Amino acid sequence: MGLAAAPANADTTTNDLPDHIVNGDFEYPKGLLPHSVNKTFLQQFAQPSAYPEWEAAWGGNFTYITRYDGTYFDQSNCPMAGLTYGTPCWKTISGFDASKFAWDSSQTTDTTGPEHKKGAVEIQQDSQTGNIYAEIVAVQPGRSIYQDIATIPGAVYTVSLKHASLNDSNIDKLSVMIGAPGKEQPVEMTRETTNGNGDKIGETSTVIATKVSNTYDGNRDNDRKHSGQWETYTGAYTIPAGQTVTRFTFKSVGSADTNHGNLVDDIRFEISYPLHYDLKGGTGTAPQQHN
């Protein structure tokens, strides 16, 4: 599937942009997951006797967040079936700070369903460990999450992240895409750790692919069980001349279906060392990362 371009009018100045990836572990905001699920929603997938298992292992462990208006998708008040966007399934996040969440997506608003909202970012919670992570696409095929970063031309930035496939029915694949907004290119990444399922440390490619062993059982209740399934990848990117805003995003290269798979966590993109450069006729040093 292709990568849909992020909005052309996204912030492309350095005003208020971070100088590194923010919220790369997706832990902000806290307390949204897990939550209860409307039983009308569960009726689409399971018999009443299976509701507790589905709610605990799958249904209550994901939501969507939109940075621009500070809302989240509340399944406990949203039956979903037969609904269109505009149904009141979205709630305001109390005390939400957009700069702390930081993530946007290229998803757009349409009337296909209540979760089809502009900028929606899907976060999920592991049903066994409680770990929070993200899926690179929410509900619309070809879309992806992203951040715009204030960068220093000529500086070398390091990239690292964890990746996992949704389950063992498919080896999910993605590319890390970095560049000026709208001009992102795939970055070579090297596998640094393995999960013991056959992948090799040291393999380098512009496509990340991670084998996992959590079993697809038809009910998708293993789709939130990723303990021990993550693999770590690292890379580097040199900021081209004149590029003071750099977009960090992803492109799905393969997944079980168009809006599931390619899980990511612990994402970092930051300057790797100070650089000396000319500054209005003098010299200066690139600033260290702000924590």
Side-chain angles (χ1 to χ4, degrees), residues 3 5-6 10 12 14 17-28 101-106 121 123 131-137 143-165 172-195 199-210 229-255 261-275 286-291:
L3 176 69
T12 55
T14 58
L17 290 181
D19 62 1
H20 63 289
I21 285 288
V22 174
N23 197 28
D25 60 4
F26 302 96
E27 292 291 335
Y28 181 88
F101 181 65
W103 292 99
D104 278 300
S105 83
S106 54
V121 175
I123 62 169
N131 179 51
I132 303 292
Y133 54 92
E135 198 168 55
I136 68 168
V137 58
R143 308 292 179 171
S144 187
I145 61 175
Y146 71 89
Q147 282 192 38
D148 286 341
I149 310 296
T151 50
I152 300 170
V156 177
Y157 285 67
T158 55
V159 184
S160 66
L161 59 89
K162 292 179 180 177
H163 176 259
S165 297
D172 295 344
K173 302 174 182 178
L174 63 76
S175 291
V176 175
M177 307 289 289
I178 303 178
K183 299 179 180 180
E184 303 87 5
Q185 296 295 319
V187 174
E188 281 196 340
M189 301 290 288
T190 300
R191 186 182 295 112
E192 301 290 349
T193 67
T194 67
N195 55 23
D199 293 331
K200 296 180 180 179
I201 291 176
E203 291 183 336
T204 298
S205 175
T206 57
V207 176
I208 287 174
T210 304
Q229 304 298 325
W230 300 95
E231 294 183 341
T232 301
Y233 299 82
T234 63
Y237 178 82
T238 301
I239 307 298
Q243 186 173 297
T244 57
V245 176
T246 299
R247 180 159 295 171
F248 185 104
T249 187
F250 301 96
K251 178 181 179 180
S252 176
V253 178
S255 59
N262 278 313
L263 312 178
V264 291
D265 199 6
D266 294 339
I267 302 168
R268 299 175 69 90
F269 177 66
E270 59 195 14
I271 194 167
S272 59
Y273 52 82
L275 262 182
Q288 299 287 334
Q289 176 185 321
H290 299 281
N291 294 319

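Because the structure is predicted, anything quoted here is derived from the model rather than measured. Just so you know, these numbers use all the heavy atoms, side chains as well, and skip hydrogens, waters and symmetry mates.
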Taking all heavy atoms of [X] and all of [Y], pick out the closest pair and write down the distance.
| X | Y | result |
| --- | --- | --- |
| Gln243 | Thr151 | O-OG1, 3.1 Å |
| Asp172 | Ser255 | OD1-CA, 3.4 Å |
| Ala150 | Tyr157 | O-OH, 4.2 Å |
| Ala155 | Ile271 | CB-CD1, 3.7 Å |

Measure the shortest side-chain to side-chain distance between [X] and [Y] over non-hydrogen atoms and say whether it is less than 4.5 angstrom.
| X | Y | answer |
| --- | --- | --- |
| Val176 | Ile208 | yes |
| Phe101 | Val121 | yes |
| Ile21 | Arg268 | no |
| Leu174 | Tyr233 | no |
| Lys200 | Thr194 | no |
| Asn195 | Thr210 | yes |
| Gln147 | Ile267 | no |
| Val264 | Tyr133 | no |

Test item: [X] side-chain N/O and [Y] main-chain N/O as donor-acceptor pair under 3.5 Å:
| X | Y | result |
| --- | --- | --- |
| Arg247 | Lys183 | no |
| Ser205 | Val207 | yes |
| Glu135 | Gly261 | yes |
| Ser175 | Thr206 | yes |
| Asn23 | Tyr28 | yes |

Among side-chain atoms of Thr249 and Glu184, is any donor-acceptor pair under 3.5 angstrom?
->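 Thr249 vs Glu184: no donor-acceptor pair found between side chains.
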Between Thr232 and Thr193: side-chain donor-acceptor atoms closer than 3.5 Å =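 Yes, a side-chain donor-acceptor pair sits under 3.5 Å.
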Taking only residues two or more places apart in sequence or in another chain, which ones pass salt bridge (Lys or Arg N to Asp or Glu O under 4.0 Å) with Asp104?
->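 Applying salt bridge (Lys or Arg N to Asp or Glu O under 4.0 Å) to Asp104 gives Arg67.
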Could you check Phe269, Tyr146, Tyr237 and say which one makes a ring-ring contact (aromatic ring centres under 6.0 Å, His included) with Phe248?
->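 That would be Phe269; it is the only one of Phe269, Tyr146, Tyr237 passing the ring-ring contact (aromatic ring centres under 6.0 Å, His included) with Phe248.
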Begin with the C-alpha distance, continue with both residues' side-chain angles, and end with the deciding distance and a verdict on side chain to side chain contact (heavy atoms under 4.5 Å, CB included) for Thr246 and Ile178.
-> CA-CA 7 Å; Thr246 299; Ile178 303 178; 3.4 Å; yes
Measure the acute angle between the ring planes of Phe26 and Trp103, then classify it against the limits of 30° and 60° as parallel, tilted or perpendicular.
->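 If you compare the ring of Phe26 with that of Trp103, the planes turn out parallel.
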Could you walk me through whether Met189 and Leu161 pass side chain to side chain contact (heavy atoms under 4.5 Å, CB included), step by step?
-> CA-CA 10 Å; Met189 301 290 288; Leu161 59 89; 4.3 Å; yes
